[in-house]
Amino acid sequence: MSDAELLVELLEGKLRPVETALAEAWWETSTHASPEAAARRERIELERRELLANADAFAAIRAAQRQAHGYDPLLARQLDLLHDAFAPHQVPADLRQRLVELEVAVETTFNTFRGEMDGQRVDDNAIADVLRSSDDSRERRAAWEASKQVGAEVADSVRELARLRNEAAQRLGYRDHFALALATSELDEERLFATLDEVDRATAGPFAEWKARLDVALAGRFGCEADDLRPWHLDDPFFQDPPISGAVDLDPLFADADVEALTVRTYDGLGLDMRSVLSRSDLYSRDGKSQHAFCIHIDREGDVRVLCNVEPNERWTETMLHEFGHAAYDRELDPSLPWLLREPAHALTTEGVAMLCGRLAREPRWLTDVAGVSAEDVDGLAARLAEARRAALLVFARWVLVMTHFERGLYADPDADHDTRWWDLVERFQRVRRPEGRHAPDWAAKIHLTVAPVYYQNYLYGELVASQLQATLEARAGGIVGRSEAGHLLVDDVFRPGASLRWDQLVERATGEPLTATHLARQLTD
Ligand SMILES: [Zn+2]
């Protein structure tokens with residue numbers, strides 16, 4: 001064995017048990033929140049970061065990388081991934097400790113905090129119900145404000161986190177944490193913002209037109225002028241999704257749906273059996289449980305689990321299909337790959353696959369063949385469904401523009417007036433007017449800034465990957481729903497290689513061209 005091989009084997013041996021224990025602790029705190037579980041997770045997280053902070057190991061990785069020319073590609077690839085894992089952690093122990101403590105504290109607040117509406121504590125689903133169904137502007141405003149209260153609770157800590165993350169990044173010679181996070185996740189900042197500009201140009205016109213029509217409909221519904229519309233007149237507190245009145249309300253179709261069964265049937269149609277994942281998952285709402293949704297691969301040996309808070313509606317159906325897209329990817333990683341490479345090529349490839357699967361909930365073909373909706377009903381909906389798919393893409397793209405620009409600015413100067421900056425970006429990209437005199441840290445209510453910093457760009461790249469894969473699967477397998485050929489293509493060309501290829505190479509190999517916004521733009525004009 002060469003020195004490089006020994007080094008990789010040694011580091012895998014250290015990282016593997018800690019990563020597995022951390023995944024288990026993460027699952028525990030998300031499903032059964034308790035001070036003990038939080039303490040356990042904090043301890044393991046700290047242990048992991050201490051490992052990754054080892055300066056001698058980092059120096060050895062860099063030395064091995066410098067001699068990588070003659071290496072087996074899988075060995076070189078493992079060294080690159082080790083480098084990117086270790087680099088962000090080359091910071092002093094006291095700073096590391098403060099970061100972990102603060103992150104866990106803020107996240108615990110997110111898991112346990114419930115906003116107040118008319119003196120009642122309400123969870124996110126209750127707030128969503130009001131914003132979904134109420135015609136009373138006063139009640140809607142109260143619900144929207146309740147959704148933002150967590151922001152005021154955590155804002156100071158989120159700014160402090162940004163300062164600490166910057167301090168760590170600057171010690172390593174990066175401009176700030178934003179620059180470090182992109183550089184160590186195989187993303188180029190210049191290319192990212194060029195892509196954001198491309199997406200801005202492709203969506204600005206169609207979005208403005210769509211939003212103007214939405215505002216007319218909303219003004220009619222709420223009996224006001226379009227100028228009087230405020231964020232609480234939209235169904236989503238952050239306007240990440242189009243409101244029902246601007247799209248198609250599919251909820252009646254899902255009111256009696258067995259969302260689990262629909263999920264299994266969808267993946268059966270692709271030749272992917274997801275029952276073992278289902279049996280390990282935690283799918284329904286409870287006190288003391290995370291209100292979000294995620295998929296986690298505990299051991300990289302096939303123990304894949306999904307957390308959801310399923311209700312029989314369109315949103316949770318889409319979320320289930322999305323999370324099980326991540327799960328399918330994790331389950332089908334080539335088990336013979338070295339452990340370090342036995343994960344998706346990149347966050348943006350697994351998001352792309354998950355988004356591709358989530359989109360199925362609005363496909364006519366899926367609605368008839370999987371959800372069992374009659375062909376007449378789906379025919380009647382088809383034109384509006386196409387419009388709804390387009391609206392969902394537009395609204396989401398505009399929202400990511402807000403998040404990514406906001407986050408770059410947050411790290412550029414954590415002490416700036418982000419309350420104002422946030423609403424400047426929301427007005428510019430989402431065309432939603434700020435409430436008069438509002439001066440509150442509404443941005444801090446977005447949990448991603450705390451638990452998944454500098455991650456949002458992956459969702460936009462994910463949309464681009466989804467659109468590009470969709471075009472490939474249509475051309476080569478005739479579509480996705482009920483096409484086992486499509487499942488085979490995904491498994492062979494996207495899932496199995498794991499992280500043995502860089503994401504940009506994987507995308508190009510699987511689709512025949514580098515990642516581009518072209519396919520997304522085409523879906524907006526179709
Ligand atoms: Zn996802």
Side-chain angles (χ1 to χ4, degrees), residues 23 26-27 30-31 107 110-111 124 181 185-187 236 238 240-241 259-260 262-263 266-267 270 272 274 277-278 280-283 289-298 300 303-310 313-333 343-363 389 392-393 395-397 399-400 403-404 407 446-470 480 490 494-495 498-499 503 506-507 515 520:
W26 175 283
W27 180 257
S30 303
T31 54
E107 205 197 329
F110 269 102
N111 282 343
D124 289 353
S185 58
E186 304 186 326
L187 293 176
D236 182 276
F238 287 103
Q240 296 178 219
D241 307 307
V259 179
E260 281 187 50
L262 292 180
T263 305
T266 304
Y267 287 92
L270 285 159
L272 299 166
M274 301 310 289
V277 177
L278 207 62
R280 292 189 174 95
S281 294
D282 189 322
L283 299 178
K289 172 178 164 180
S290 162
Q291 299 193 75
H292 302 274
F294 62 81
C295 170
I296 190 166
H297 195 175
I298 300 283
R300 303 195 197 174
D303 181 355
V304 179
R305 306 173 193 177
V306 167
L307 180 141
C308 274
N309 289 273
V310 171
N313 58 34
E314 183 196 345
R315 180 186 148 219
W316 279 109
T317 305
E318 179 185 340
T319 302
M320 280 284 277
L321 294 177
H322 176 109
E323 297 306 336
F324 276 79
H326 288 303
Y329 198 149
D330 288 341
R331 291 237 340 136
E332 298 294 336
L333 293 164
E343 57 176 352
H346 195 281
L348 68 90
T349 59
T350 185
E351 288 307 340
V353 168
M355 286 165 166
L356 177 70
C357 297
R359 287 179 187 175
L360 294 176
R362 283 154 180 258
E363 289 291 339
R389 275 200 304 277
L393 283 176
V395 169
F396 189 73
W399 159 243
V400 178
M403 276 296 282
T404 311
E407 217 168 8
K446 190 67 200 160
I447 191 172
H448 290 71
L449 297 175
T450 302
V451 304
V454 198
Y455 187 84
Y456 237 83
Q457 67 284 343
N458 289 320
Y459 293 123
L460 186 64
Y461 273 138
E463 293 283 10
L464 303 185
V465 169
S467 294
Q468 195 159 323
L469 280 176
Q470 198 172 332
I480 301 169
L490 286 172
V494 182
F495 302 166
W503 69 268
L506 183 89
V507 168
L515 185 64
L520 182 90

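In listed order, ligands and their atoms are each counted from 1.
Here the angle at the Zn ion (ligand 1) defined by NE2 in His322 and NE2 in His326 stands at 100°, rounded to 10 degrees.
Nearest approach of Ser467 to Leu520, heavy atoms of both residues: OG-CD1, 3.6 Å.
The ring of Trp503 has its center closer than 6.0 angstrom to the ring center of Tyr461.
Taking backbone and side-chain atoms together, Glu351 has an N/O/S atom less than 2.8 Å away from the Zn ion (ligand 1). The Zn ion (ligand 1) lies at 2.8 Å or more from every N, O or S atom belonging to Cys295.
The aromatic rings of Trp399 and Phe238 sit tilted, their planes meeting at an angle between 30° and 60°.
Looking only at atom types and distance, the side chain of Glu351 has a donor-acceptor partner in the side chain of His322 under 3.5 Å away.
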